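Note that the structure is a prediction, hence the values are computed from the model and not measured. Chain naming here is simple, since letters A, B, ... match the order of the sequence lines and numbering starts at 1 in each.
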Amino acid sequence: MIVRFGYVAMSLLVKNASPSKTITYASFSKLTDREAAIRKLERIAEENLHNTLRLLRHNRAYEIELYRLSSRLVPLVGHEELADWDPFPALADKFAEVGRYVREHGMRISFHPDHFTVLSTPREEVLRTSVADLERHTRMLELMGLDERARNNIHIGGTYGNKEASLLRFVEQASALPKRVLDRLTLENDDKTFTAAETLEACERVGVPMVLDLHHHEVNPGGEKALALWPRILDTWRRLGPRGEAEGADGRADNRQLDWLPPKIHVSSPRSDKDPRAHADFVDAGHVLRFLREIAPLTPRLDVMIEAKSKDEALLRLMEELGAEPDVRVRTQASVEIGY
DNA sequence: ACCTGTCAAGTCTGG
DNA sequence: CCAGACTTGACAGGT
């Protein structure tokens with residue numbers, strides 16, 4: 001099994017390269033010249049995209065092919081007082097430049113719209129803003145000129161005192177998304193409400209791949225073993241592929257589709273016993289490796305997103321620790337082969 | 001340069 | 001029904 005590793009949004013090694021710079025609405029609204037204020041927002045967005053490109057160059061130097069973009073590239077976008085502002089025409093070239101770099105270097109990128117994007121909501125207004133947010137994320141990926149391997153990962157959402165009804169509502173409301181939005185979606189199990197088994201259920205019903213978060217699963221397992229769910233999780237990734245090539249001659253997808261878009265998991269370690277849900281600075285290599293060894297026979301390729309406070313430093317440390325293991329062959333600075 | 005408080009959002013909990 | 005907690009990186013305003 002070939003495993004690539006990636007990290008989230010910001011680097012500890014590249015200084016002053018935040019891709020999430022912003023301005024509060026309070027200070028934005030103090031600016032009297034609205035035209036100038038909007039230009040300021042767009043300037044910040046350009047800076048965020050510029051820093052994103054710097055991070056991608058850094059990733060290339062470290063052979064890191066997996067990266068999650070900041071979901072705060074464009075400050076205040078989606079704010080109700082800025083509904084008339086479309087930032088994307090002014091930013092199209094910058095987005096295209098970022099996308100070109102991603103394509104040229106075979107990188108896999110994603111977004112993770114924050115947890116205020118909830119498709120399970122019973123509130124019409126919340127659904128409206130959530131769909132709009134997914135539309136915007138989809139639009140950014142399209143502006144980058146990336147195909148459907150570049151996706152938006154979200155959680156199911158709240159339970160509102162009735163998990164079954166909420167899951168049903170999620171399936172309905174997700175299925176009603178525009179196709180181009182739905183075709184960019186992945187779903188992730190969360191640490192408080194929807195378990196891996198429940199999220200998998202939603203993935204199968206909606207027809208989108210599942211991102212297994214190992215840490216979330218451990219604090220919210222719902223009585224399931226991750227390994228027991230893994231074959232079904234793999235299947236959610238199998239039907240994907242370039243248009244017209246999704247299925248083999250026998251009508252069943254085969255492992256080659258997993259090469260087009262390898263399954264992705266998230267790993268992180270608990271901050272402490274007292275605060276088990278929070279992310280630690282680094283990830284426990286032995287812990288990650290245990291799961292990787294288990295799934296290796298079933299899984300030709302895997303992408304692993306490291307969610308640790310120490311970001312790319314945590315990635316490098318994990319690589320070092322994995323490299324010391326007898327059954328791990330280091331392929332590049334950010335990928336290994338396990339059980340070869 | 002550094003510190004502290006505030007900011008965004010939706011949901012959940014406690015009262 | 002409402003206030004506060006949760007989460008996170010970064011702003012904002014102070015020294």
**Message:** When you measure from the side-chain N and O atoms of A:Tyr160 to the phosphate of B:dT11, is any distance below 4.0 Å, counting only OP1 and OP2?
**Reply:** yes
**Request:** For nucleotides B:dC3 and C:dT7, find the distance between their P atoms and express it as a whole number of Å.
**Result:** 24 Å
**Asked** Is a salt bridge present between A:Arg100 and A:Glu97, judged by a nitrogen-to-oxygen distance below 4.0 Å?
**Response** no
**Prompt:** Under 6.0 Å from the NE2 atom of A:His287, do we count more than 12 heavy atoms belonging to anything else shown?
**Reply:** no
**Item:** Side-chain N,O (A:Lys21) to OP1/OP2 (C:dA12) below 4.0 Å
**Value:** no
**Message:** Please classify the nucleic acid contact of A:Ile23 as base, sugar-phosphate, or nothing, using heavy-atom distances under 4.0 Å.
**Reply:** sugar-phosphate
**Request:** Check whether any side-chain N or O of A:Thr24 sits under 4.0 Å from OP1 or OP2 of C:dA12, and answer yes or no.
**Result:** yes
**Asked** How close or far is atom P of C:dC6 from atom CG of A:Asp191, stated in whole angstroms?
**Response** 14 Å
**Asked** Can you check whether A:Thr121 has a side-chain N or O nearer than 4.0 Å to OP1 or OP2 of B:dT11?
**Response** yes
**Item:** Length of the CG-P vector between A:Leu73 and C:dA10, whole Å
**Value:** 12 Å
**Message:** Assess whether a salt bridge exists between A:Arg139 and A:Asp86, defined as any Lys/Arg side-chain N lying under 4.0 Å from an Asp/Glu carboxylate O.
**Reply:** yes
**Message:** Heavy atoms only, 4.0 Å cut-off, all strands: where does A:Ala26 land among base, sugar-phosphate and nothing?
**Reply:** sugar-phosphate
**B:dA9 to C:dA12 separation - P atoms, rounded to the nearest Å** = 15 Å
**Message:** So if I take every side-chain heavy atom of A:Thr22 and compare against B:dA9, C:dC11, B:dG10, which nucleotide ends up nearest?
**Reply:** C:dC11
**Protein-nucleotide distance (A:His155, atom NE2; C:dC6, atom P), rounded to Å** = 18 Å
**Message:** If a pair means Watson-Crick or G-U wobble with both distances below 3.5 Å, what does DNA chain B look like in dot-bracket form, with | marking bases paired to a different strand?
**Reply:** ||||||||.||||||
**Prompt:** So, A:Arg232 and A:Asp235, do they make that salt bridge, N to O below 4.0 Å?
**Reply:** no
**Item:** Whole-Å gap separating C1' (B:dG10) and CD (A:Glu124)
**Value:** 17 Å
**Request:** Give a yes/no on whether any side-chain N or O of A:Lys30 is located under 4.0 angstrom from OP1 or OP2 of C:dG13.
**Result:** yes
**Message:** If you only use heavy atoms from C-beta on, which nucleotide in B:dT11, C:dT7, C:dG9 is closest to the side chain of A:Met10?
**Reply:** C:dG9
**Request:** Provide, to the nearest angstrom, the distance between the CG atom belonging to A:Leu41 and the C1' atom belonging to B:dA8.
**Result:** 14 Å
**Asked** Closer than 4.0 Å, any side-chain N/O of A:Ser18 to the OP1 or OP2 of C:dA10?
**Response** yes
**Fill in**
Shortest non-hydrogen pair, A:Gly158 vs A:Val118, comes out as N-CG1, 4.1 Å
**Asked** Does A:Arg277 have a side-chain nitrogen or oxygen under 4.0 Å from the phosphate oxygens OP1 or OP2 of C:dT7?
**Response** yes
**Prompt:** More 5' along DNA chain C: A:Asp275 or A:Phe28, using each one's nearest nucleotide?
**Reply:** A:Asp275
**Item:** Spacing between A:Phe116 atom CZ and B:dA9 atom C1', to the nearest angstrom
**Value:** 3 Å
**Request:** May I have the distance from A:Asp114 (atom CG) to C:dT8 (atom P), rounded to whole angstrom?
**Result:** 12 Å
**Request:** For A:Lys15 and C:dG9, give me the distance from atom NZ to atom C1', rounded to whole Å.
**Result:** 16 Å
**Prompt:** Under 4.0 angstrom, heavy atoms only, what part of the nucleic acid is A:Thr159 near: base, sugar-phosphate, or nothing?
**Reply:** sugar-phosphate
**Request:** Under 4.0 Å between any heavy atoms, over every strand shown, what does A:Thr117 touch: base, sugar-phosphate, or nothing? Just pick one.
**Result:** nothing
**Asked** If you take all heavy atoms of A:Tyr67 and A:Met10, which pair is closest and at what distance?
**Response** OH-N, 4.5 Å
**Prompt:** Is it true that A:Arg43 and A:Glu47 have a side-chain N and a carboxylate O under 4.0 angstrom from each other?
**Reply:** no
**Message:** Please give me the minimum heavy-atom distance between A:Pro276 and A:Pro270, naming the atom from each residue.
**Reply:** O-CB, 3.2 Å
**Any A:Lys192 side-chain N or O less than 4.0 Å from OP1/OP2 of B:dC12** = no
**Sole candidate of A:Arg68, A:Lys264, A:Arg108 that passes salt bridge (charged side-chain N to carboxylate O under 4.0 Å, His left out) when paired with A:Asp303** = A:Arg108
